[in-house]
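Right, one structure below, let's go through it.
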Amino acid sequence: PRRIVAEVRVRIESPQIHADAERLESWLVWLASGPAPDRAERSPQELAFGTGNVQRNPERETSPSQLQVAARLLRVEFRIVENRGQLSALSADGTVKVQEIPKEPGAEPLQIFGEHLEIIDASSPQAVFALTGNPAFVAGRGLSLSGFQVFLDRGRNLVSTSGPGRVEMNQLGPKKDLALPISSERVDIQWSQGMDFDGQTVTFKGNAVLTSGNRRIQAETLEIQIAPPVSLSDLNTAPRIQLQTARAIGQVLIENVALNLKGEIQSRDRLFVSEIAVNWITGAITAPGFGRFLTVRSAVLPGGTSLNPLESAQTRNITSVGMANRTNDDSSSQPAQPVALEISYSQGLAGNVHQRTITCRGRINARYGAVDRWDVAQLPDDPNLLGARGLMLHSDEIAVYQMVTPG
């Protein structure tokens, strides 16, 4: 046989796939090859597709997991070698659904949904996979990916999408409570112009937004490097992915919101730069050129305490004692008003996210004062508008440290 066409409730079974379709169009390509020594007695008319007729070698059990496929129209090509059929190409149209039947019990299966699916060299490590949908959706191995077109080339170890898309990952790294939005929480990344992944470096292009819990990075381009590298030719194993470096370029906004056990905001940090790089192994963070850093926090010091060095010590002591007396008299006093620190600089930022410190250089303009809301965009340039305990500082360099213990 060279071609087989079947219609209405068609089912196909092979070592690679189980498929259901309303119409099947299949091609059988017979490759010239002499019979194996242990199969010399086999009749040339005996054609084997089922798993029961295929001899397996446990030492060479490296074939992909079996796939369960459902589509309206299914086109397949089998290469026939020694009277054994091997899936070489597959094309599916119309509400395509693919689910992996994993070899290992308890493993998270691969799931695929779309309108058109095409696989070339399906049984080889060089398989090429293209999925189109509105949007197309791929999930498994701890992540999910959606986009209008998803392309995978196992031979070149490349995954890419065109147009807008989204990816969700269960975990990028084991560290928690970092200043930038990468943690062991679920990570969500969205983009508008495409994504490329070569097994180690993934690049998101066009208004990329990464969110994880109460943390967010927004940039024109977001580049993330992971370890260990992922081999797309071996998708049966899912290594623990850990973040190595991250780089954001173009109108970068980094935001971090910290909450207490009651779900109330304790702090809100925002950093505006044109480019930033983070080494997640060492914690080093660098951002060249101009930038602006703004943090709004719950006041740790009593409301009457002043940080203004020009205010006399006697005045500060009297104010603090008066505040303490009012607190003792009024047990239902309101929480302290939030305070804000804003720093503008011109020659770059460096710091360490693990040590919770940053240093800004070049024409420093630092402003500190009380604010009446958490979403304040900036502090006034007039020191008279910073409040009674506000202050303004100009310098060539400034370092900011976040204290781990209260006070």
Side-chain angles (χ1 to χ4, degrees), residues 1-57 59-101 103 110 112 114-132 136 138 149-159 232-236:
R2 300 287 181 178
R3 188 182 181 200
I4 298 175
V5 177
E7 289 186 315
V8 184
R9 292 191 300 276
V10 183
R11 180 169 181 81
I12 184 171
E13 297 184 4
S14 79
Q16 292 85 29
I17 65 168
H18 286 179
D20 295 279
E22 288 302 308
R23 178 178 173 86
L24 169 68
E25 300 175 1
S26 58
W27 289 261
L28 283 72
V29 179
W30 297 79
L31 302 180
S33 177
D38 60 345
R39 294 173 182 264
E41 73 282 358
R42 182 181 285 271
S43 168
Q45 286 79 27
E46 185 176 352
L47 180 60
F49 287 97
T51 57
N53 294 330
V54 179
Q55 293 185 355
R56 295 180 180 269
N57 185 347
E59 297 179 357
R60 300 179 59 190
E61 190 64 39
T62 59
S63 60
S65 301
Q66 197 174 58
L67 298 179
Q68 183 76 43
V69 182
R72 178 181 54 82
L73 173 61
L74 187 64
R75 297 183 176 95
V76 294
E77 178 186 270
F78 288 98
R79 293 175 182 172
I80 312 301
V81 182
E82 301 172 3
N83 294 332
R84 294 172 59 187
Q86 184 181 55
L87 179 67
S88 59
L90 179 146
S91 175
D93 287 281
T95 314
V96 181
K97 297 180 181 179
V98 180
Q99 182 161 344
E100 178 189 32
I101 304 176
K103 293 180 180 180
L110 182 69
I112 298 172
E115 295 298 323
H116 175 75
L117 171 65
E118 191 161 344
I119 305 177
I120 302 174
D121 292 334
S123 300
S124 75
Q126 287 76 36
V128 177
F129 165 101
L131 178 67
T132 305
V138 180
Q149 186 177 54
V150 180
F151 177 82
L152 183 148
D153 189 331
R154 296 178 68 182
R156 296 164 56 196
N157 210 52
L158 174 67
V159 177
L232 300 177
S233 61
D234 183 14
L235 296 179
N236 291 321

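Just one of Lys97, Arg11, Arg72 meets the salt bridge (Lys or Arg N to Asp or Glu O under 4.0 Å) condition when paired with Asp20; it is Arg11.
Remark: Arg79 engages Asp121 in a salt bridge (charged side-chain N to carboxylate O under 4.0 Å, His left out) (not counting sequence neighbours). With sequence neighbours left out, Gln126 forms a side chain to side chain donor-acceptor pair (under 3.5 Å) with no residue at all. In this structure, Arg2 has no salt bridge (charged side-chain N to carboxylate O under 4.0 Å, His left out) partners at least two apart in sequence or on a different chain.
A heavy-atom distance below 4.5 Å is found between the side chains of Leu117 and Leu90. Residues Leu87 and Phe78 are in side-chain contact: their nearest non-hydrogen atoms beyond the backbone lie under 4.5 Å apart. Contact of the Val138 side chain with the Leu131 side chain is registered, since non-hydrogen atoms from C-beta on lie closer than 4.5 Å. Side-chain contact between His116 and Asp93: present, with at least one pair of heavy atoms (C-beta onward) separated by less than 4.5 Å. Within the 4.5 Å cutoff, the side chain of Val150 has no heavy atoms near those of the Leu152 side chain.
Looking at every heavy atom in both residues, Phe151 comes nearest to Asp153 through CE2-CB, 3.9 Å.
The distance from the CD1 atom of Ile4 to the CD1 atom of Ile12 is 8.0 Å, given to the nearest 0.5 Å. Separation of atoms CD1 (Ile80) and CD (Gln86) is listed at 9.5 Å; rounding is to 0.5 Å. Interatomic distance, NE2 of His18 versus CD of Gln68, reported as 7.0 Å (0.5 Å rounding). Within the model, atoms CD of Glu118 and CZ of Arg75 stand 9.5 Å from one another, a figure rounded to the nearest 0.5 Å. Atom CD of Glu7 is separated from atom CG of Leu73 by 9.5 Å, given to the nearest 0.5 angstrom.
Heavy-atom contacts from other residues, nucleotides or ligands closer than 6.0 Å to CZ of Arg9 number 12 or fewer.
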- Show your working on side-chain contact (heavy atoms from CB on, under 4.5 Å) between Val5 and Arg23 and close with a plain yes or no. CA-CA 8 Å; Val5 177; Arg23 178 178 173 86; 3.6 Å; yes

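Counting only distance, with no hydrogens or angles, the side chain of Ser88 and the backbone of Glu77 share a donor-acceptor pair below 3.5 Å.
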